[in-house]
Amino acid sequence: RYRSDGPNDVHQLMVAPSQHYYLGQDGLLKHQKKPFALELADMQQVKRQHLVTYALRDHTSAMLYAEVCFAPNLMPLCAFLARAWGAKPNTPFRGLPTTLIASRKVMDVFVTDLAAVSALWVRIIPPTSGFQSGIHAARSVEKWLSPGINKPTEEGLKWLRFFCEHDERD
């Protein structure tokens, strides 16, 4: 169990393959209505370039920082966290939390990265529910990417960057 003592105390980490988005052979962002049955642990071996979402949400403020990549080339988790926790020009989301909530699947895939995070005195704990794992962040990211469907990936990523730098209610 955990309790958040205020902003930047507890962060929820979610890394998951999209059930709907992938990179088409034509280089355009594609959406499939029927969900893919995918596991994070299998992303290194997939043939299709599935979108993989990395999201970090502050438990108290609900501020979200997210990035995406395409399997099988997963980005190093430490690199993502360094950018998420680093200073950014248009958002106050920055700094190390005291606790990081990460799913068992994320813990199994990114063992070395999370050991490095733990060495920074960040306590890493599993969620007690899907909501605590930050799974709702995937829905937000996919909604933000939707204007980029059937367009070059940069179009969808432009919207993702916009929403990560602004409050979702803006």
Side-chain angles (χ1 to χ4, degrees), residues 1-19 21 38-46 50-145 153 157-170:
R1 281 238 184 258
Y2 71 94
R3 194 180 97 236
S4 184
D5 290 332
N8 214 40
D9 184 44
V10 176
H11 287 173
Q12 299 164 305
L13 172 66
M14 191 266 324
V15 181
S18 171
Q19 294 185 359
Y21 284 87
L38 301 168
E39 292 293 331
L40 180 61
D42 299 331
M43 289 297 96
Q44 300 280 352
Q45 292 83 29
V46 294
H50 294 281
L51 182 114
V52 178
T53 300
Y54 290 62
L56 192 67
R57 188 180 293 268
D58 179 73
H59 178 255
T60 300
S61 70
M63 290 195 76
L64 174 68
Y65 178 82
E67 293 182 15
V68 297
C69 65
F70 292 96
N73 302 316
L74 297 181
M75 75 177 91
L77 184 60
C78 280
F80 165 75
L81 291 172
R83 289 187 295 276
W85 290 333
K88 295 169 282 303
N90 298 319
T91 179
F93 190 97
R94 65 178 59 96
L96 291 174
T98 56
T99 303
L100 179 67
I101 299 171
S103 73
R104 294 275 181 210
K105 292 177 182 181
V106 170
M107 289 181 188
D108 290 345
V109 172
F110 296 103
V111 175
T112 305
D113 294 86
L114 290 174
V117 169
S118 185
L120 297 171
W121 301 101
V122 175
R123 179 175 67 138
I124 300 169
I125 62 172
T128 57
S129 72
F131 186 77
Q132 286 181 347
S133 71
I135 198 65
H136 52 285
R139 285 189 216 109
S140 293
V141 169
E142 290 195 1
K143 179 179 75 174
W144 299 338
L145 290 172
T153 56
L157 297 179
K158 174 179 74 175
W159 288 104
L160 176 61
R161 280 191 294 276
F162 172 82
F163 283 106
C164 282
E165 293 176 358
H166 297 81
D167 189 299
E168 288 183 62
R169 296 167 292 234
D170 283 351

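We use all heavy atoms of the structure for the numbers below, so side chains are in, but hydrogens, waters and symmetry mates are not.
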Kindly write out the residues that satisfy side-chain contact (heavy atoms from CB on, under 4.5 Å) with L96, not counting sequence neighbours, or none if the list is empty. W85, L120, V122

side-chain contact (heavy atoms from CB on, under 4.5 Å) against P76, all qualifying residues, sequence neighbours excluded: A79, D113

I need the H59 NE2 to N8 CG distance, nearest 0.5 Å. 13.5 Å

Set of residues satisfying side-chain contact (heavy atoms from CB on, under 4.5 Å) with respect to V68, sequence neighbours excluded: L51, T53, V141, L145, L157, L160

Within residues 71-81 or reaching into it, pairs that qualify as side chain to side chain donor-acceptor pair (under 3.5 Å) - sequence neighbours excluded: none

Are any of the side-chain heavy atoms of V109 and V15 separated by less than 4.5 Å? no

About how many Å separate CD1 of I124 and CG of L100, when rounded to the nearest 0.5 Å? 5.5 Å

Would V106 and L13 satisfy side chain to side chain contact (heavy atoms under 4.5 Å, CB included), going step by step from the backbone distance to the final call? CA-CA 9 Å; V106 170; L13 172 66; 3.9 Å; yes

Looking only at heavy atoms, the pair that brings P126 and M107 closest together is N-CE, 3.5 Å

For the rings on Y65 and H11, is their centre-to-centre separation under 6.0 Å? no

For V46, give me all partners under side-chain contact (heavy atoms from CB on, under 4.5 Å), at least two apart in sequence or on another chain. M43, H50, A71

Scanning both residues in full, the closest heavy-atom pair of S140 with R57 reads OG-NH2, 3.8 Å

Nearest atoms (heavy-atom pairs only) where M14 meets A16: SD-CB, 3.5 Å

So the ring-ring contact (aromatic ring centres under 6.0 Å, His included) pairs with at least one residue in residues 101-128 (sequence neighbours excluded) are none

Residue pair F80 / L56: nearest heavy atoms and the distance that separates them: CZ-N, 4.0 Å

Under the side-chain hydrogen bond (donor to acceptor under 3.5 Å, both in side chains) test, residues paired with T153 that sit two or more places apart: none

Closest non-hydrogen atoms of S103 and P127, given as atom of the first, atom of the second and distance, are CA-CD, 3.7 Å

Residue set satisfying salt bridge (Lys or Arg N to Asp or Glu O under 4.0 Å) with R83, at least two apart, ordered chain then number -> E67

Quick one: CG on L81 to OH on Y54, what's the gap to the nearest 0.5 Å? 10.0 Å

Could I get the full list of side-chain hydrogen bond (donor to acceptor under 3.5 Å, both in side chains) partners for T98, not counting sequence neighbours? D9

Taking all heavy atoms of L74 and all of Q44, pick out the closest pair and write down the distance. CD1-NE2, 3.7 Å

All salt bridge (Lys or Arg N to Asp or Glu O under 4.0 Å) counterparts of K105, not counting sequence neighbours: E39

